[in-house]
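The block underneath contains the structure these notes are about, expressed in structure tokens.
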Amino acid sequence: MAFNLYNRFAELMLVVGLDENTGLTPVHKGAAAASVEEEEEDEDSLSSLFFRQYEAQVLAAISSSKALVFQPNLMEDPSYPPRSDFANGDSTNFHNLRRSRMAANSSGSRRQVQAVNAAVIKQHLNKGDSSKSVADLPLSKDAIESITTFCFPDNAQVYRQKPDSNIHFLVLTDVSGSKTYASCLTFYKPYRLTKDDGGTIQFELRTHPHSGPGWRRASEEGSVDCYIPQCCVLVSKYPYFYAMKECLSCMISHVERDLEEMYQFIKDFTYTMTMAPVPPAGSVIVEMSVYNLSVSLFPSESPEKPVIDLPLHLAFLCFPVDDLLSIFTAILCEERLAFVSFNYALLTIIMESFLYYILPMTWRFTYVPILSASSLELLEAPGTFMMGCHSKHLDVVEQVEGLVVVNIDEGTVTINPTTNAGLGSYHPHNLSLSSVSAFTNSGVHDRSEFTLVDQSPQTIPSLPEEPAKLFKNICKRAKFQMELSDVQRPFYYDIEEERAFRMKKCLQFNTEIGFAFLEMMVNLFRGTLSYLKIDLRRFNKQQFLESIADCNRPFYQKVLNTDMFKQFLEDRLSEKVDYWTDHEIRTRPYAKRISQDMDASPGLSHRQQMKPMRKQVSVTTFSSLAPRTFEILRLPALNDTATYVKHSLNMLNKTIEASARDGIVTVIF
């Protein structure tokens, strides 16, 4: 019997890439085209494999109830999920796999796997009804097959030297706007490729690539030694990016091994992930044991806020505060934005950070943190969007008119100029140098024969001065840099102590940054409350704009017309009580007192202090911010399904009873 949790940490594990079953299919050829080994005839052509790009394929998909292998045919593992005798002496348990691997390494044994094919794993699999099997997975078959584009944005390649394993992050949005989050571990498996007499390339997986002289002499014997990429993708409904990264990091030494061990390990590993619940909003951390590593799942601060499991301070290390606020403003104004970086992981982390900064407003437009090389034409799409791509495509990005370009590597934000071909837009002082040169040197006088470039495109309005000033002061005092804290502390030689310190510091930064941005959002929009007519469900925009200082009006004129503000307004007209409302009410008396001092008016009664402000006033209570405190719920080790659920329920009952005695009740399941 398979136990399924609604609020499980992980939904699915995918294995994507190239192997002996997929072969090497060049990108420029269709999926049905002949693979490289069929079109190359001579031995020397093997060296050309390193200069091509290949189409990655889905190799396996494992959820809480299904384990499927996609290559060479779609087959299901009938022994999955694990049964109650999962750990009673069964050597396939991944804890036992680890012990056997360590024993093999210590004994110095060597093992060479000969050209593996489907027969190696068929003993575990049944073909069955493939369409029904895929339909039972948390993601659709189309979504699973399309994820290869995001795992290898620049397509898969074969390497002579082994690249470092790396991790990047994905955010997938379906047609309804629901998001799915993923962390991708890309690793490289050592193969020897040999061409037989028939011209077919044979794959030989090497478990000890640097052992023995044969590895180095392969090219002399009509073979080529190489490293072929594969990617493990852990998929979740919750944005636990760094928790997923920690879990995937435990897998590296096992997934680079032979096919059978890798497949069994991933099955057991994924089952552990799918049996771990995430905590509800509040102050309870769920701690699960993964491969002798404790992974903490932190709760969100409130039910309306998403989980934050990434370092929010990285954006402050990439951009000056003024540029960071310009990007923040561009998002509030719903501009078309393209983020570029050489680091794919940084693209998602920075873009997700900015979406957290603008809360309680939410981005409801196209959102693609990683564009593949084959999808760059989406930058020309009409409408509002946020997209990210590799910096090597910057020349393409800069050709899109009116696009706000956020260069993470250089820490800059620019707006691409707008070109106009019509005669009505002709202004001599707006000609580009190339156009002027063409006009004067060639003697052409027909204005329709050259392109006119508007050198003064749309601009990003400045944030209102007072909220921005208070925010900058907070940033100046807080100094969101981990290294500054390292100077006075002793070194930790225990990895768990080091992890605990960095986790604590990152949590502190996230709390302070989240509070600073929430405070700025309250300061920016608290004045709108006085111009709401709840009974009529109307907002008097004109009167509000008239109450704003002239220097701040361009910002509000843009923002008040956005979809994000309309949704924010809808929540206020519905008298929604959320974290923004709580903070606004809590700081309202301070704002009233500041307003009173500015107007030199007599003292206000408590009732007057609690009325909404009639003008925009900015206050800060950052100095009173208290650190978050937590209780930890440690999940039992996963041995088998029945005992795991039983032990978890017993532990939960004890925790709830203890919490009830303290006046706090938390429900996990």
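Residues: numbered from 1 along the sequence shown. Heavy atoms only: backbone and side chains are in, while hydrogens, waters and symmetry mates are out.
Taking all atoms of both residues into account, the shortest heavy-atom contact from S296 to A243 is O-CB, 4.4 Å. Across every non-hydrogen atom of L359 and M521, the tightest pair is O-CG, 3.5 Å. Residues L137 and A61 share a closest heavy-atom pair of CD1-CB, 3.9 Å. A pairwise comparison of heavy atoms in M262 and V255 identifies SD-O, 3.4 Å as the closest pair. Between L371 and V368, the shortest heavy-atom contact is CD2-CG1, 3.9 Å. Between H168 and F150, the closest heavy-atom pair is NE2-O, 3.0 Å.
Residues forming a side-chain hydrogen bond (donor to acceptor under 3.5 Å, both in side chains) with S294 (at least two apart in sequence, or on another chain): none. Partners of R364 under the side-chain hydrogen bond (donor to acceptor under 3.5 Å, both in side chains) rule, at least two apart in sequence or in another chain, are D563, Q567. The side-chain hydrogen bond (donor to acceptor under 3.5 Å, both in side chains) test applied to R489 returns D486, E498, not counting sequence neighbours. Considering only residues two or more places apart in sequence or on other chains, D571 meets the side-chain hydrogen bond (donor to acceptor under 3.5 Å, both in side chains) condition with none of them.
Geometrically, K305 engages Y579 in a cation-pi contact, judged by NZ or CZ lying under 6.0 Å from the ring centre and within 45° of the ring axis.
Salt-bridge annotation for E304 and K576: absent, with no side-chain N of the basic residue lying under 4.0 Å from a carboxylate O of the acidic one. Taking the charged nitrogens against the carboxylate oxygens, K472 and D322 do have a contact shorter than 4.0 Å, which makes a salt bridge. With respect to K392 and D154, a salt bridge is recorded, a charged nitrogen being found less than 4.0 Å from a carboxylate O.
Side-chain contact between I474 and E519 is present, with at least one heavy-atom pair separated by less than 4.5 Å. At a threshold of 4.5 Å between non-hydrogen side-chain atoms, the residues T274 and E11 do not count as touching. Two residues are said to be in side-chain contact when any heavy atoms from C-beta on lie closer than 4.5 Å; L312 and E512 fail this criterion. Here the side chains of P229 and F187 are not in contact, with every heavy-atom distance at 4.5 Å or above. The side-chain heavy atoms of I350 and F319, taken from C-beta on, include a pair separated by under 4.5 Å. Counting only heavy atoms from C-beta outward, the side chains of Y159 and Q157 approach each other to under 4.5 Å. Considering only heavy atoms from C-beta on, L337 stays 4.5 Å or farther from M387 through its side chain. Looking at heavy atoms from C-beta onward, M273 lies in side-chain contact with C247 at the 4.5 angstrom threshold.
Taking the ring centroids of H313 and F509, they lie under the 6.0 Å cut-off. No close placement of the W580 and F525 rings is indicated, their centers lying 6.0 Å or farther apart. Under the 6.0 Å cut-off for aromatic ring centres, F515 and H583 qualify, their centroids lying closer than that.
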Considering only distance and modelled atom types, tabulate donor-acceptor pairs under 3.5 Å from the side chains of residues 235-242, sequence neighbours left out.
from	atom 1	to	atom 2	distance (Å)
S236	OG	F9	O	2.6
S236	OG	Y238	N	3.0
S236	OG	Y238	O	3.2
K237	NZ	Y6	O	2.9
Y240	OH	F298	O	2.7

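Remark: of the listed residues E334, M351, E335, M351 is the sole one forming a side-chain contact (heavy atoms from CB on, under 4.5 Å) with M386. Under the side-chain contact (heavy atoms from CB on, under 4.5 Å) test applied with V406, the options L347, V413, I331, D323 reduce to a single match, V413.
Annotation: K179, atom NZ; neighbour count of heavy atoms from other residues, nucleotides and ligands within 6.0 Å is above 12. Atom CG of D164 has 12 or fewer heavy atoms from other residues, nucleotides or ligands within 6.0 Å. Counting heavy atoms of neighbouring residues, nucleotides and ligands inside a 6.0 Å radius, atom CD of E631 does not exceed 12 of them.
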Handout entry: Evaluation steps, side chain to side chain donor-acceptor pair (under 3.5 Å), between S341 and N343
Key = CA-CA 5 Å; S341 175; N343 188 333; 5.7 Å; no
- Query: Does the pair V286 and V278 meet the rule for a side chain to side chain contact (heavy atoms under 4.5 Å, CB included), with working shown?
  - Reply: CA-CA 7 Å; V286 171; V278 301; over 6 Å; no
Could you go through the side chain to side chain contact (heavy atoms under 4.5 Å, CB included) check for L463 and M520 one step at a time?
-> CA-CA 10 Å; L463 275 176; M520 183 164 62; 4.1 Å; yes
**OP:** Give the intermediate values and the outcome of side chain to side chain donor-acceptor pair (under 3.5 Å) for residues Q161 and Y188.
**Re:** CA-CA 10 Å; Q161 302 295 327; Y188 302 86; over 6 Å; no
After noting the C-alpha distance and the side-chain angles of S283 and T629, does the key distance pass the side chain to side chain contact (heavy atoms under 4.5 Å, CB included) rule? CA-CA 7 Å; S283 58; T629 56; 5.6 Å; no
Worksheet entry | side chain to side chain contact (heavy atoms under 4.5 Å, CB included) assessment of I266 paired with M251 | CA-CA 8 Å; I266 290 179; M251 300 175 56; 3.8 Å; yes
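With hydrogens and angles ignored, the 3.5 Å screen pairs no side-chain donor or acceptor of Y181 with any backbone N or O of L234. In terms of modelled atom types and a separation under 3.5 Å, the side chain of T348 and the main chain of F169 share a donor-acceptor contact. Side-chain N or O atoms of N510 include one that pairs as donor or acceptor with a backbone N or O of L310 at under 3.5 Å. Under a 3.5 Å cut-off, the side chain of N523 and the backbone N or O of V619 do form a donor-acceptor pair. Counting only distance, with no hydrogens or angles, the side chain of D409 and the backbone of F342 share a donor-acceptor pair below 3.5 Å. Looking only at distances, no side-chain donor or acceptor of S178 sits under 3.5 Å from a matching main-chain atom of D174. Formation of a donor-acceptor pair under 3.5 Å by the S63 side chain with backbone atoms of K66 is found in this model.
For the atom pair CZ (R499) and CZ (R502), the distance works out to 12.0 Å, reported to the nearest 0.5 Å. To the nearest 0.5 Å, atoms CG (L633) and NZ (K654) are separated by 12.0 Å. Note that CD1 of I358 and CG of L518 are 13.0 Å apart. Values are rounded to the nearest 0.5 Å. Here SG of C184 is found 6.0 Å from CD1 of I147. Values are rounded to the nearest 0.5 Å. Summarising the geometry, atom SG belonging to C318 is positioned 5.0 Å from atom CG belonging to L346; distances are rounded to the nearest 0.5 Å. Atoms CD and CG, on Q230 and L59 in that order, are 5.5 Å from each other to the nearest 0.5 Å.
A ring pair (Phe, Tyr, Trp, His ring centres under 6.0 Å) check over residues 343-363, counting only residues at least two apart or in different chains, returns the pairs Y344-H390, F354-Y357, Y357-F517, W363-F365.
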